[in-house]
Amino acid sequence: MPDSKMVELIKRLLASSAKGKVDWEPTVNEGVYQAAFADFSVQVRVRTGQLSDDYGLQIYDREGRLMEDVWDTDLDSSSAGSANLERMRALYTVARRRALGVDEALDKILSELEPLVPDDDVPF
Amino acid sequence: MLLLIPPATDASLWRQLAYWADIASILALATGLIGFVVTIWNVRRSRDAANQAEAAAQEARDSILTFDTIQELSAATTTMDEIKRLHRAGYWTVLPDRYTSVRRLLGSILAGNPGLSDEGKSVLVGAIKQLGDIERLVERGLATDSNPGEVPKLNEIISKQADKLNSLLVALRMEKPARNTGYARQQDGGTH
């Protein structure tokens, strides 16, 4: 797949995921999250390095066979800057939050706490 | 032939013959038109009947397909329950066959139901991939003689997939919603 299409896919996945329109779920592999579509599934994962973390996106066909495996380092080496690292990190973060239900958990906790009022002395 | 032609001098007879000939022509034309209309009407009626028969046959085929799909989905979720029990009991060596069996069933449902909604297909595709990943993990564990995985985590994933398949099963039992509308959207609050 040409890099431009992959970058476009990452951008759209990120945008749809941020709007809560992609159903991410945990997988049996730690730190790997999956979203399924009508004919394909995608997974995002992080590879922890000594200097920095790398973020990967894999595309699988309907039988679960790997079709494409791309990392931010592949994309950024062929385009300027580290924009794809930022995009893929953001995608991974939103996928993890959706898969683990972090937003729902925050909403629930917040609903159980008293709301702040202007007179509350918050020292930060 | 010559006998039929009246004498040229008898003008009134000629006029009468011409009159009756005109009447006959008009009657023939009218009969032809009526016949044509009746034929068209019959053709349309036959076509409607054929269409109705085809629609009834298609409906019957869809019903059989839906019934088969429901049976296969039920079999898949039953096997998934069995997989969870085998996880708990630690019968790892028999598990890869069970994962394969469920994946094949789900693949068969996917291939046999091209009219399924995208949401329905995504449930099947997601479950196939999750089961494939679990199968690979267990196979790796068996090959290296190590612990194949954390049972609670494995069973949590299997349960979630089984729940999704069960929702698809319920939607299929209602038939139309599964094929034409996004059941997953209703179920998961706006995913996909």
Side-chain angles (χ1 to χ4, degrees), chain A residues 9-10 12-47 56-70 91 94-108 111, chain B residues 83 87 99-100 102-104 106-111 113-141 148-161 163-165 167-168 182 184-185 187-192:
Chain A
L9 173 68
I10 292 163
R12 290 195 196 185
L13 264 178
L14 178 57
S16 295
S17 302
K19 290 176 194 164
K21 290 184 177 175
V22 180
D23 184 21
W24 290 99
E25 55 188 12
T27 69
V28 73
N29 299 307
E30 194 62 43
V32 180
Y33 304 101
Q34 171 178 309
F37 298 89
D39 291 305
F40 305 95
S41 56
V42 295
Q43 289 187 344
V44 289
R45 67 190 72 213
V46 63
R47 191 167 55 193
L57 175 78
Q58 289 73 39
I59 302 172
Y60 301 89
D61 67 12
R62 50 162 60 181
E63 280 87 32
R65 287 184 293 252
L66 181 64
M67 296 173 71
E68 188 69 77
D69 180 11
V70 69
L91 176 62
V94 76
R96 190 183 66 83
R97 289 175 72 105
R98 285 280 302 167
L100 301 179
V102 174
D103 290 332
E104 287 81 355
L106 290 177
D107 288 344
K108 186 81 174 63
S111 73
Chain B
I83 284 172
H87 282 163
Y99 303 133
T100 305
V102 178
R103 285 195 300 114
R104 281 189 187 148
L106 299 180
S108 155
I109 295 167
L110 200 54
N113 287 275
L116 203 62
S117 67
D118 282 354
E119 288 80 5
K121 286 180 187 169
S122 72
V123 168
L124 298 170
V125 169
I128 290 169
K129 180 71 186 105
Q130 292 276 16
L131 284 160
D133 282 355
I134 294 174
E135 185 176 343
R136 217 174 343 273
L137 186 81
V138 171
E139 288 281 19
R140 211 179 299 141
E150 289 175 54
V151 171
K153 188 175 183 181
L154 293 177
N155 280 358
E156 188 185 340
I157 289 168
I158 298 281
S159 292
K160 191 170 181 192
Q161 298 308 312
D163 288 348
K164 286 185 170 187
L165 291 172
S167 297
L168 179 59
R185 195 166 288 146
Q187 183 208 14
D188 292 341
T191 56
H192 297 293

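Keep in mind it's a predicted model, so treat the numbers as computed, not measured.
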> Around A:Glu63, counting heavy atoms of other residues, nucleotides and ligands shown, do more than 12 lie under 6.0 Å from its CD?
Replying inline: yes
> Relative to chain A, which segment of B:Ile157 carries a heavy atom at a distance below 4.5 Å: side chain, backbone, both, or neither?
Replying inline: side chain
> With a 4.5 angstrom heavy-atom cut-off, which part of B:Glu135 approaches chain A: side chain, backbone, both or neither?
Replying inline: neither
> Given that the side chain runs from C-beta out, which part of A:Ser41 has a heavy atom under 4.5 Å from chain B: side chain, backbone, both or neither?
Replying inline: both
>> Determine whether a donor-acceptor pair (N or O, by modelled atom type, separation under 3.5 Å) exists between the side chain of B:Gln130 and the backbone of A:Pro26.
In response: yes
>> Test your reading of the model: is there a side-chain donor-acceptor pair from A:Gln34 to the backbone of B:Lys129, 3.5 Å cut-off?
In response: no
> So which of A:Ala38, A:Ser17, A:Ser16 has the biggest tally of heavy-atom pairs under 4.5 Å with chain B?
Replying inline: A:Ala38
> Heavy atoms, side chains only, cut-off 4.5 Å: are B:Val125 and A:Asp39 in contact?
Replying inline: no
> Is any side-chain heavy atom of A:Arg62 closer than 4.5 Å to a side-chain heavy atom of B:Ile128?
Replying inline: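 When only atoms from C-beta onward are counted, B:Ile128 and A:Arg62 do not touch, as no gap falls below 4.5 Å.
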> Under a 4.0 Å N-O cut-off, is there an ion pair linking B:Lys164 with A:Asp23?
Replying inline: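 Yes.
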